[in-house]
**Q** 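This is the structure I want to talk about, given as structure tokens.
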Amino acid sequence: MHLKLNKLFKESIQFLSSLKLAVFSLLCYFVIVFIGTIAQVDLGIYYTQKLYFQSFFIWTTVFGFNIPVFPGGGLIGSLLLLNLIMATITKLKWKVKNIGLMCVHFGLILLLLGSGLSSCTTTESVMSIKEGETSFFSEDRRHLELAIIDVSQSSHDFIISVPDHILARKKVFKDPVLPFDIKVHSYYPNSQLYRIDDGVNPRISDGIGRQLGVRPLDVFVRDDQRDNTSMILEFFDGEKSLGRWLFALDLNGVQDISVRGKTYKVLLRPLRYYIPYSITLNDFIHDVYPGTTIPKDFASEITLNDYTNQENRDVRIYMNHPLRYKGKTFFQMSFAENDTISIFQVVENPLWQIPYYSCLLISLGLLIHFMLHLIKFSKRVQL
Amino acid sequence: MRVLSFILVILMMSSCKPTKVRTFKAPKEFLPVIQLVTSQSTLNWTFPDSWIEKPTDSFRKASFDIPTKSGSVADFSIVSFPGDVGGILSNVNRWRNQLGLSPISTIELDQMKEKINHSFFDIELFDIRSNTEAIIVAVFTFNSEMYFFKTFLKDFSSVNRIKSELIGVLNALEVE
Amino acid sequence: MKRLIILFIFIFTFFTSSFFATEHYDFESFASIPVLHNGRLKPIDSVARLTLINLQEKVSFKRNNQKISPSQWFFELISLNPITDNDLIIKIIHPDLIKELELPEKDKYFSYNQIHKHFEIIQTKVVPIVDLEPLERSPYQKAVLQLWEKMNLIFNLKHSFFPYSDRSFFDYFNQYKDDLSPGLDAFSRYNSGQDLNAEDTERLVRFNAYFKLHQRLKDLSIVYFYPDLNEYNDITTWTNTGSELLGLLGQIQDPHILLSKFLNLLQFYSDENIALFNSTLTDIEAFHQSQKSFLTTLVSLEYYFNVFNPLGNSITIYLLALLASLFFFLFRVKSLFTLSMGLTYVAFFVHTVGLILRVVITQRPPVTNLYSSAVFIGWFSILMALVQEYLFKNKLGPILASIIGFITLIIAYHLSFQSDTMGLMQAVLDSNFWLSTHVITITLGYSGTFLAGFIGIYYVFFNLVSSTSNELNRQLSKMVFGIICFSLLFSFIGTVLGGIWADQSWGRFWGWDPKENGALLIVLWNAFILHARLAGLIKLRGLMAASIFGNIVTSFSWFGVNMLGVGLHSYGFMEKEFIWLVGFCMSQVVILSLPYLPILKNRYMELSSNLR
């Protein structure tokens with residue numbers, strides 16, 4: 001029994017480190033990247049990434065059944081990684097001759113591992129600031145939060161943020177930090193709101209939603225369209241119902257919910273990342289090439305103000321010159337409203353340096369390896 | 001090595017930890033109340049009977065004379081501008097300048113700000129007084145236009161009455 | 001020295017104009033004058049060529065079966081010579097639009113006058129189209145929009161100097177100068193609140209009319225003739241005629257020296273005084289030369305680049321070289337090989353000169369857009385083909401080099417009719433170390449993959465027509481292997497540099513953008529070939545077939561991803577080229593499957609094992 005297992009283990013190691021697996025994975029990955037690129041025309045980058053490049057299988061619907069038709073980028077990526085590691089350990093001879101190849105393999109392992117991990121550790125968000133105004137948070141473009149805000153303190157607001165994926169899944173959600181329990185009656189990933197002219201929406205007992213109807217829509221796949229997520233929530237104080245409210249991204253404002261004599265302002269909004277410092281946009285500059293409307297340069301003059309360490313300085317953020325501060329990087333991304341609003345891409349990725357190191361390793365390895373070949377080759381030519 | 005590959009598989013398989021419920025203490029910020037207003041909707045107002053209506057011009061949406069005890073008249077106007085008209089601070093300082101007062105900072109602005117309770121609007125009231133004159137202005141946003149309800153008093157004879165009448169007008173604002 | 005030359009030219013023109021009866025307008029001098037246009041300083045010749053390309057998608061055109069130079073046509077256009085209104089230079093291809101505008105249905109090129117009659121129809125149609133997203137527009141709507149843009153272009157150019165033909169600019173300007181100071185007086189009286197008498201009122205009204213017209217000229221004119229006299233090198237200070245005229249309103253000053261020159265030039269042209277016309281042009285040239293600016297040097301370099309057209313001419317030489325090497329393969333005469341080799345070297349030299357000139361003129365890296373990538377990919381593939389010829393002496397060099405040169409430069413030639421090949425780049429693409437290194441290394445990778453693919457094609461055809469030795473096949477296989485290693489190296493480094501650039505610009509190393517994916521596909525394909533060969537899964541035939549498939553992969557990531565119409569940094573969008581791309585891919589599939597056809601199978605023997 002033990003022997004059999006041992007044999008099986010050996011065989012699987014053999015398989016996992018085989019060159020054939022590498023060839024197979026490379027070919028599969030090639031196909032996935034190709035299909036994924038074509039699919040972007042209809043699906044947009046975000047969904048192709050999810051469906052093709054990060055998934056373990058690519059699914060399709062045949063006669064109403066969802067069946068996997070091809071391994072996804074996630075699976076093949078993991079296979080390639082395993083294969084690489086196994087091959088490096090078992091196949092590659094640790095000799096000076098192979099130093100280039102070893103560099104390449106180590107670099108590739110680091111690259112694949114790093115990119116796999118950093119897809120988990122990266123947060124991308126957007127901060128838009130009007131000229132003269134100050135911001136202390138950025139917003140996620142894909143995820144929402146139900147913000148429950150206690151404004152009773154005069155010095156600050158106390159905010160409880162419930163991410164929408166919790167509400168999308170849960171029927172009833174309880175959490176000790178919440179002043180009330182939440183029951184999700186309906187959750188629409190995308191919807192259209194319309195006004196009810198006569199009568200009220202019977203599914204909603206309180207708030208602005210009584211005058212509104214909800215029409216579910218398919219989610220938008222294009223990158224420039226935004227879903228209007230909406231939900232009907234009932235709040236409970238213990239067993240006692242406080243009422244049913246409608247929340248939607250399009251409803252751009254708060255609704256009051258009172259529990260035990262305290263009023264909370266509640267709204268559904270893009271998920272926020274607060275920063276422990278503030279950024280003030282002093283000026284947004286938009287240069288064009290002379291005699292044209294072709295943009296030459298976008299730049300934002302900002303003031304960074306950190307209360308924790310009294311760091312207070314002016315920074316210019318422009319193309320290819322982001323601001324890196326406390327783990328976050330602010331990139332000049334866009335602008336709006338006649339150049340009065342500047343929009344920054346805010347990226348937090350603790351592993352951002354890994355690709356640099358791995359690529360350095362790989363390039364060096366390839367260079368060394370091919371140089372050795374070239375030297376060998378030129379010697380032969382001379383002979 | 002078995003352990004190594006095991007760890008790697010776990011690493012790759014483990015899906016990213018999703019965001020949990022989080023709590024923050026954040027600086028106060030303006031939280032708009034939901035307004036179900038379409039662009040056709042209009043603002044309706046009612047005024048005390050004692051106010052005497054004046055003809056309006058292209059800037060003024062409404063214009064009134066308010067009689068005071070001393071016999072002078074206070075001038076009341078409703079003006080709206082698209083956008084934020086340079087921000088509240090610069091406007092307040094403009095009115096202070098009109099009364100011969102020196103400009104103030106944001107902190108002082110926050111201190112002198114009075115909030116009016118209204119179900120739809122976040123109305124801010126500024127009571128600016130020099131030694132002889134006063135300007136009382138209410139500011140709010142509607143249909144992405146900034147509205148100014150402004151009273152200019154040449155003396156203080158009826159200032160409290162006029163101010164409470166103005167607050168009454170603001171409370172009675174309706175959106176149709 | 002310069003003065004001497006100018007003097008000489010002056011004397012020369014003087015004498016030629018007096019001695020030869022067939023004197024002509026010196027439009028060549030006009031063509032070399034530097035102007036600011038679309039944000040870049042260039043000779044008028046380039047402006048004229050680009051305008052013609054925008055209007056009719058080609059440079060040359062004929063009037064009454066006589067070839068007209070771009071700069072002559074351009075001068076006639078901006079000086080409002082009515083003859084240009086009948087030139088057939090506006091291309092419309094959409095048949096419905098042609099029918100709708102009641103134009104002769106068989107034609108493709110139409111005149112300004114023919115279309116102008118219906119301009120109002122076009123204008124009303126355009127309004128809703130402008131609001132649509134570019135991808136949502138139908139071919140018909142695109143055609144309408146394009147026509148509208150073409151008409152606007154002509155309209156803008158007619159505002160370069162003075163938009164009315166019933167009056168000469170010269171007379172108008174002198175009237176304006178006379179009216180200026182009384183007008184200013186009346187204006188200041190009006191401003192200070194004084195009462196105006198009838199005469200003053202009339203002056204003021206006229207003053208206002210001047211102001212409005214000049215403002216309009218300033219907004220419409222797209223050619224900037226006038227440098228700041230103190231800041232010649234700062235191109236942001238260059239102005240157009242409208243601004244110059246407006247500038248005279250502010251304070252009393254002399255008009256810009258070039259404005260006076262152009263006023264004279266237009267007057268001499270309408271007076272048909274050729275000698276004075278030409279000498280005025282000489283003065284304008286002399287003015288620019290006297291600035292001793294490196295910009296004028298670049299502009300004149302660009303002018304000569306246009307005139308001598310090294311890249312266009314090298315196409316012809318590559319074609320000759322290709323013919324010579326084909327004949328060599330037919331007749332096996334050694335002198336033919338020498339000839340083809342010589343021609344290839346000449347073509348490559350001209351090609352190189354063109355490439356270097358472009359780099360010097362644009363002051364940018366060799367690859368900035370699709371056009372220049374074609375020039376560069378071709379250039380580098382040829383370089384590699386010549387290097388391998390030097391190393392292996394297998395007589396493959398000329399045929400590979402000339403065929404690649406011919407194809408890539410033909411592609412470049414067609415791409416050059418899409419926009420300014422030296423045009424500006426989007427802000428995000430502008431002047432960045434990572435970007436330029438990324439683009440160049442990735443194009444090196446493209447070049448390598450293409451070269452390997454072409455060797456593969458050579459292998460297929462050569463084995464098809466003659467039975468070859470094991471030795472040659474072995475050599476080909478080695479070459480392909482080596483080149484694919486090289487391509488893998490460069491496409492990988494290029495992809496990585498692209499990642500670094502993206503990380504610097506947007507904070508993400510990899511975003512699955514189509515252009516990035518395209519580069520990754522090449523890396524994956526090359527890695528696949530190397531590993532499959534190592535695993536023994538593919539041998540000679542497989543290697544060749546895979547390298548030919550590499551052509552498809554490369555052309556997809558070079559052109560295909562631009563046609564997808566998505567992505568952050570696709571540097572061009574095309575439509576009819578799609579058919580060409582599909583055709584190319586099909587041809588590659590056919591070629592690579594030839595060795596696998598049962599009837600041909602025995603012509604493509606695998607290498608005998610002892611030689612492997």
Side-chain angles (χ1 to χ4, degrees), chain A residues 18-20 22-23 26-27 29-30 33-34 36-38 40-41 44-45 48-49 52-53 111 114-115 118 122 124 223 287-292 294-298 319-322 329-331 333 345-347 349 352 354-356 358-360 362-363 366-367 369-370 373-374 377-378 381, chain C residues 36-40 222-224 235-238 240 391-392 424-428 430 432 434-435 482 485-486 488-489 492-493 496-497 499-501 503-514 517-518 520-521 524-525 527-528 531-532 534-537 553 556 560-561 564-567:
Chain A
S18 70
L19 205 52
K20 286 201 171 107
V23 173
L26 282 169
L27 200 60
Y29 214 75
F30 179 86
V33 173
F34 181 75
T37 310
I38 300 287
Q40 283 183 15
V41 178
I45 287 181
T48 17
Q49 219 163 313
Y52 294 88
F53 302 133
L111 184 70
S115 64
S118 70
T122 309
E124 281 185 19
D223 291 319
D287 286 342
V288 293
Y289 284 105
T292 67
I294 305 168
K296 185 171 188 284
D297 191 22
F298 313 117
M319 277 299 156
N320 303 320
H321 291 80
T329 315
F330 296 79
F331 296 89
M333 185 171 82
Q345 163 110 313
V346 186
V347 180
N349 179 11
W352 71 275
I354 285 194
Y356 287 78
S358 58
C359 292
L360 198 70
I362 297 168
S363 309
L366 284 173
L367 212 64
H369 188 68
F370 292 139
H373 265 262
L374 203 68
F377 174 76
S378 60
V381 166
Chain C
L36 183 74
H37 172 252
N38 269 344
R40 194 169 72 82
I222 53 171
V223 186
Y224 290 59
I235 56 167
T236 55
T237 61
W238 286 54
N240 59 18
L391 290 175
F392 293 104
L424 301 163
M425 288 191 284
Q426 289 291 324
V428 62
D430 190 27
N432 179 289
W434 295 112
L435 176 67
C485 285
F486 170 88
L488 177 63
L489 174 71
F492 181 80
I493 294 179
V496 165
L497 287 169
I500 293 177
W501 167 56
D503 188 58
Q504 304 264 321
S505 310
W506 298 299
R508 47 167 200 54
F509 192 82
W510 193 259
W512 301 105
D513 180 87
N517 291 353
L520 180 63
L521 284 175
L524 287 171
W525 187 251
F528 161 77
H531 284 85
L534 204 62
L537 292 173
V553 179
F556 175 76
V561 291
L564 294 177
V566 282

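Here is the naming used below: chain letters follow the sequence lines, and residue numbers restart at 1 for every chain.
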**Q** Which one wins on heavy-atom pair count under 4.5 Å against chain C: Leu26(A), Thr122(A), Val346(A)?
**A**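 Answer, by heavy-atom pair count under 4.5 Å with chain C: Leu26(A).
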
**Q** Is Val347(A) close to chain C through its backbone or its side chain, or both, or neither, when contacts mean heavy atoms under 4.5 Å?
**A**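 For Val347(A), the contact with chain C is made by the side chain alone.
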
**Q** Testing the basics here: between Ser363(A) and Leu489(C), what is the closest heavy-atom pair and its distance to 0.1 Å?
**A**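 The pair with the smallest heavy-atom distance is O-CD1, 4.5 Å.
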
**Q** Report yes if some heavy atom in the side chain of Val496(C) is under 4.5 Å from a heavy atom in the side chain of Ile362(A); otherwise report no.
**A**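 No, every pair of side-chain atoms sits at 4.5 Å or beyond.
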
**Q** Trp525(C) and Val33(A): side chain to side chain contact (heavy atoms under 4.5 Å, CB included), yes or no, with the steps?
**A** CA-CA 11 Å; Trp525(C) 187 251; Val33(A) 173; over 6 Å; no

**Q** Quick check on Val223(C) against chain A: is it the side chain, the backbone, both or neither that has a heavy atom closer than 4.5 Å?
**A**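 For Val223(C), neither part sits under 4.5 Å from chain A.
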
**Q** State, yes or no, whether a side-chain contact exists between Phe509(C) and Asn349(A) at a heavy-atom distance under 4.5 Å.
**A**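 Not in contact.
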
**Q** Nearest 0.5 Å please: distance from the CD1 atom of Ile45(A) over to the CG atom of Asn517(C).
**A**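 The CD1 atom of Ile45(A) sits 8.0 Å away from the CG atom of Asn517(C).
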
**Q** Apply ring-ring contact (aromatic ring centres under 6.0 Å, His included) to His369(A) and list each qualifying residue two or more places apart in sequence or on a separate chain.
**A**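 Only His373(A) meet the ring-ring contact (aromatic ring centres under 6.0 Å, His included) criterion with His369(A).
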
**Q** What do the steps show when you test Thr48(A) against Trp512(C) for side chain to side chain contact (heavy atoms under 4.5 Å, CB included), and what is the final call?
**A** CA-CA 9 Å; Thr48(A) 17; Trp512(C) 301 105; over 6 Å; no

**Q** Side chain, backbone, both or neither: which part of Phe528(C) has an atom under 4.5 Å from a heavy atom of chain A?
**A**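 Phe528(C) touches chain A through backbone and side-chain heavy atoms alike.
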
**Q** SG/Cys359(A) to CD1/Ile493(C) distance, rounded to the nearest 0.5 angstrom?
**A**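 Cys359(A) SG to Ile493(C) CD1: 10.0 Å, rounded to 0.5 Å.
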
**Q** Under 4.5 Å heavy-atom distance to chain A, tell me which part of Trp510(C) shows up: side chain, backbone, both or neither.
**A**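 Contact with chain A is absent: no heavy atom of Trp510(C) under 4.5 Å.
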
**Q** What pair of heavy atoms forms the shortest contact from Lys20(A) to Leu537(C), and how long is it?
**A**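 In this case the closest contact between Lys20(A) and Leu537(C) is CE-CD2, 3.6 Å.
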
**Q** With a 4.5 angstrom heavy-atom cut-off, could you sort out which part of Leu520(C) is near chain A: side chain, backbone, both or neither?
**A**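 Contact with chain A: side chain only.
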
